[in-house]
Participant: 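Quick one: this structure, given as structure tokens, is what I'll be asking you about.
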Amino acid sequence: MIILGIETSCDETAIAILEKNNGQLSILSNIVSSQIALHAAWGGVVPNLAAREHLKNIIPVLKSALKEADKKMEDIDLIAVTHGPGLIPALLIGTNFAKTLAYLYKKPLMGIHHIEGHIYANFICNEINVNSKLQITNNKQNTNLKKETAFPILSLVVSGGHTQLVLMTDHFKYQVIGETQDDAAGEAFDKVARILELGYPGGPAISTQADNFNPSVTTDRFQISNDKKHTLPRPMLHSKDFNFSFSGLKTAVLYTVQNYRKENDLKKEDTLPNNFIREMAYEFQEAATDVLVYKTIQAALKYNPQTIFLAGGVSANSNLHDKLSQAIKKNIPQINFTLQPITYSTDNAAMIATAASYRWENMSSIQKKNLLHTWKTLQTNAQLKL
Ligand code: KG4
Ligand code: ZN
């Protein structure tokens, strides 16, 4: 079975081709055309510009994906597309393109929830065919290949638009047990990066700055922390639920920066010193990941999952991954936790095709046949619920 996946919910035009045979996944191609350079000038994603770029790129991206996979449109058995949530002008390019392809080539068409895609990206590294054309190259990741994924699964979903703890008792049975009450984790990384004048996208920039800060070098710590244990708050750490809040943390960073500017007589046009930026990035990353990890462990202790997934763009953050991994080993070592390759953490279409492959397997032949008509009915929904 060959599946074409399409993803345009934000600022990546992504198309992937996946082959699934006897439960084995092979990613034949996974093309992502990023618009980072375009949006960086505006300090964030501009929805209409994103749509214009998707429109410009989507046919070349499709051609590359087919070429790399050595397939033609006629070889495709199913088309899967992200139909929400996301930026509506961006989503509409992908869904209308998918509908057109489905109509032209008379193919079944399936809409996939973007967060479902991020969660199912974890199945790629668990069940990918080691002989597939697109191999995972990092040895650390290869040790996790071909493990059975056992339910219940608890997913910590951390992206630019979402922060959720999602419990799955089986495929597609989602229960959101906690979520952010304001900013998403990735959004907080992006906003803090802006405060620290690190530009867009903020997550990788914060992470690089934080990695360059060495907390054990006390002379490096003079700027913010001094002898206080934590300068920044850990919002909702001890709330009785599994919800999050990142907006106050971002504001605490803003006030710390404003105070620093005042105390050091910095003018508006003066840039912040590098060691201050590194320490602030470190402190913010520590605060954000402390809360994410603590709440995930608490949720796991309550719901007893067999497996924990880390999903969404922020899962590319090595501090978050390492901290969660260590906390699982210490508190709940029996739980299966695997490292997802970065390629599948941030937005891509292989994750969309993977989710579709599992949905397809769980469908009756009538349901599969009905997908031939989806090109007429598929709705695009910026607020689509999981
Ligand atoms: O899942 P994703 O690619 O797109 C959305 O669905 O939103 O996530 C993008 C988010 C952005 O906020 C970006 O800053 C963040 O993921 N991100 C990171 C890292 N890489 C990407 N955040 C922290 N550390 C990173 N290394
Ligand atoms: Zn995403």
Side-chain angles (χ1 to χ4, degrees), residues 5-14 16 30 32-36 39-40 43-45 47 50 54 81-87 90-91 94 112-122 155-164 166 179-180 183-196 198-212 246 249-250 253 281-282 284-293 309-324 339-352 354-355 382-384 386:
I6 302 174
E7 154 64 44
T8 66
S9 67
C10 192
D11 59 345
E12 324 277 5
T13 317
N30 184 30
V32 180
S33 168
S34 174
Q35 307 174 3
I36 282 176
H39 298 289
V45 181
H54 286 316
V81 64
T82 307
H83 68 131
L87 307 170
L91 282 164
I112 294 291
H113 191 288
H114 183 73
I115 296 302
E116 176 170 90
H118 275 305
I119 291 173
Y120 273 79
N122 283 269
S155 295
L156 172 64
V157 182
V158 272
S159 71
H162 289 79
T163 300
Q164 292 181 322
V166 181
E179 59 191 331
T180 184
D183 291 354
E187 189 181 354
F189 270 85
D190 293 335
K191 286 177 176 171
V192 167
R194 208 175 306 162
I195 295 167
L196 295 178
L198 293 172
Y200 168 86
I206 293 278
S207 169
T208 307
Q209 293 293 329
D211 290 349
N212 286 331
F246 292 102
L249 177 56
K250 167 202 68 192
V253 172
Y282 172 86
F284 164 74
Q285 184 174 274
E286 284 296 315
T289 55
D290 274 359
V291 185
L292 290 167
V293 169
F309 281 173
L310 184 54
V314 185
S315 65
N317 186 283
S318 56
N319 177 267
L320 173 61
H321 181 272
D322 293 350
K323 217 182 248 186
L324 183 58
L339 171 61
Q340 187 192 172
I342 275 191
T343 327
Y344 305 119
S345 305
T346 46
D347 286 351
N348 67 87
M351 67 186 197
I352 302 303
T354 302
Q383 310 292 339
L384 193 65
L386 195 61

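Each ligand, and each atom within it, is numbered from 1 in the order the structure gives. Quantities reported herein were computed from a predicted structural model and do not represent experimental measurements.
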Participant: Are any of the side-chain heavy atoms of Leu292 and Thr163 separated by less than 4.5 Å?
Facilitator: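 A side-chain contact exists here, since the closest heavy-atom pair is under 4.5 Å.
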
Participant: Of all the N, O or S atoms in Asp347, which has the shortest distance to the Zn ion (ligand 2)?
Facilitator: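 Minimum-distance N/O/S atom of Asp347 relative to the Zn ion (ligand 2) is OD1.
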
Participant: As an exercise, identify every atom of ligand 1 less than 4.0 angstrom from a heavy atom of Gly160.
Facilitator: 5 (C), 7 (O), 8 (O), 9 (C), 10 (C), 12 (O)

Participant: With heavy-atom distances below 4.5 Å as the criterion, would you say the side chains of Ser34 and Glu12 are in contact?
Facilitator: yes

Participant: Under 4.5 Å between any side-chain heavy atoms of Val32 and Asp347, yes or no?
Facilitator: no

Participant: Just jot down the ligand 1 atoms closer than 4.0 angstrom to any heavy atom of Gly313, in number order.
Facilitator: 1 (O), 2 (P), 3 (O), 8 (O), 16 (O), 17 (N), 18 (C), 19 (C), 20 (N), 21 (C)

Participant: Should one rank Gly203, Ala185, Ala184, Gly202 by closest heavy-atom distance to atom 25 (C) of ligand 1, which comes out on top?
Facilitator: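 Nearest heavy atom to atom 25 (C) of ligand 1 lies in Gly203.
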
Participant: Do Ile6 and Ile352 touch side chain to side chain, with heavy atoms closer than 4.5 Å?
Facilitator: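 Contact flag for Ile6/Ile352 side chains = no.
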
Participant: Give the contacting part of His162 toward ligand 1: side chain, backbone, both or neither, where contact means a heavy-atom distance below 4.0 Å.
Facilitator: neither

Participant: To the nearest 0.1 Å, how far is atom 13 (C) of ligand 1 from its closest protein heavy atom, and which atom is that?
Facilitator: Asp190 OD1, 3.8 Å

Participant: Measure Asn317 to ligand 1 on non-hydrogen atoms and call it side chain, backbone, both or neither using the 4.0 Å cut-off.
Facilitator: both

Participant: So if I count the atoms of ligand 1 from 1 in the order they appear, which ones are less than 4.0 Å from some heavy atom of Gly186?
Facilitator: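 Listed by number with element: 12 (O).
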
Participant: If we only count heavy atoms from C-beta on, is the Tyr200 to Asp11 side-chain gap below 4.5 Å?
Facilitator: yes

Participant: When you measure from atom 2 (P) of ligand 1 to every protein heavy atom, which one gives the shortest distance, and what is it?
Facilitator: Asp347 OD1, 3.3 Å

Participant: Students should be able to answer this: which protein heavy-atom is nearest to atom 15 (C) of ligand 1, and at what distance?
Facilitator: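 The closest one turns out to be Val314 CG2, 3.9 Å.
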
Participant: So, Cys10 and the Zn ion (ligand 2): N/O/S under 2.8 Å, yes or no?
Facilitator: no

Participant: Within 2.8 Å of the Zn ion (ligand 2), is there any N, O or S atom belonging to His118?
Facilitator: yes

Participant: Would a 4.5 Å heavy-atom cut-off, applied to side chains only, mark Val157 and Glu179 as touching?
Facilitator: no

Participant: Using a 4.0 Å cutoff against the non-hydrogen atoms of Ala316, which atoms of ligand 1 qualify?
Facilitator: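 Within the 4.0 Å cut-off of Ala316, ligand 1 contributes 20 (N), 26 (N).
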
Participant: Does the residue Gln285 have a heavy-atom contact with ligand 1, meaning some pair of atoms that are separated by less than 4.0 Å?
Facilitator: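 Outside the 4.0 Å threshold, so no.
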
Participant: Is any side-chain heavy atom of Glu7 closer than 4.5 Å to a side-chain heavy atom of Asn348?
Facilitator: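 Answer no - side chains too far apart.
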
Participant: Between Val314 and Phe189, what is the shortest heavy-atom contact and its length?
Facilitator: CG1-CE1, 4.0 Å

Participant: Tell me yes or no: between the side chains of Gln35 and Ser33, is some donor less than 3.5 Å from an acceptor?
Facilitator: no

Participant: Which is closest to atom 6 (O) of ligand 1 by heavy-atom distance: Glu187, Lys191, His114?
Facilitator: His114

Participant: Report the C-alpha separation of Asn319 and Glu286 in whole Å, then their side-chain angles, then the decisive distance to 0.1 Å, and conclude whether the side-chain contact (heavy atoms from CB on, under 4.5 Å) test is met.
Facilitator: CA-CA 8 Å; Asn319 177 267; Glu286 284 296 315; 3.2 Å; yes

Participant: Would you mind listing which atoms of ligand 1 come within a distance below 4.0 Å of any non-hydrogen atom of Gly161?
Facilitator: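 Near Gly161, meaning under 4.0 Å from one of its heavy atoms, ligand 1 has 7 (O).
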
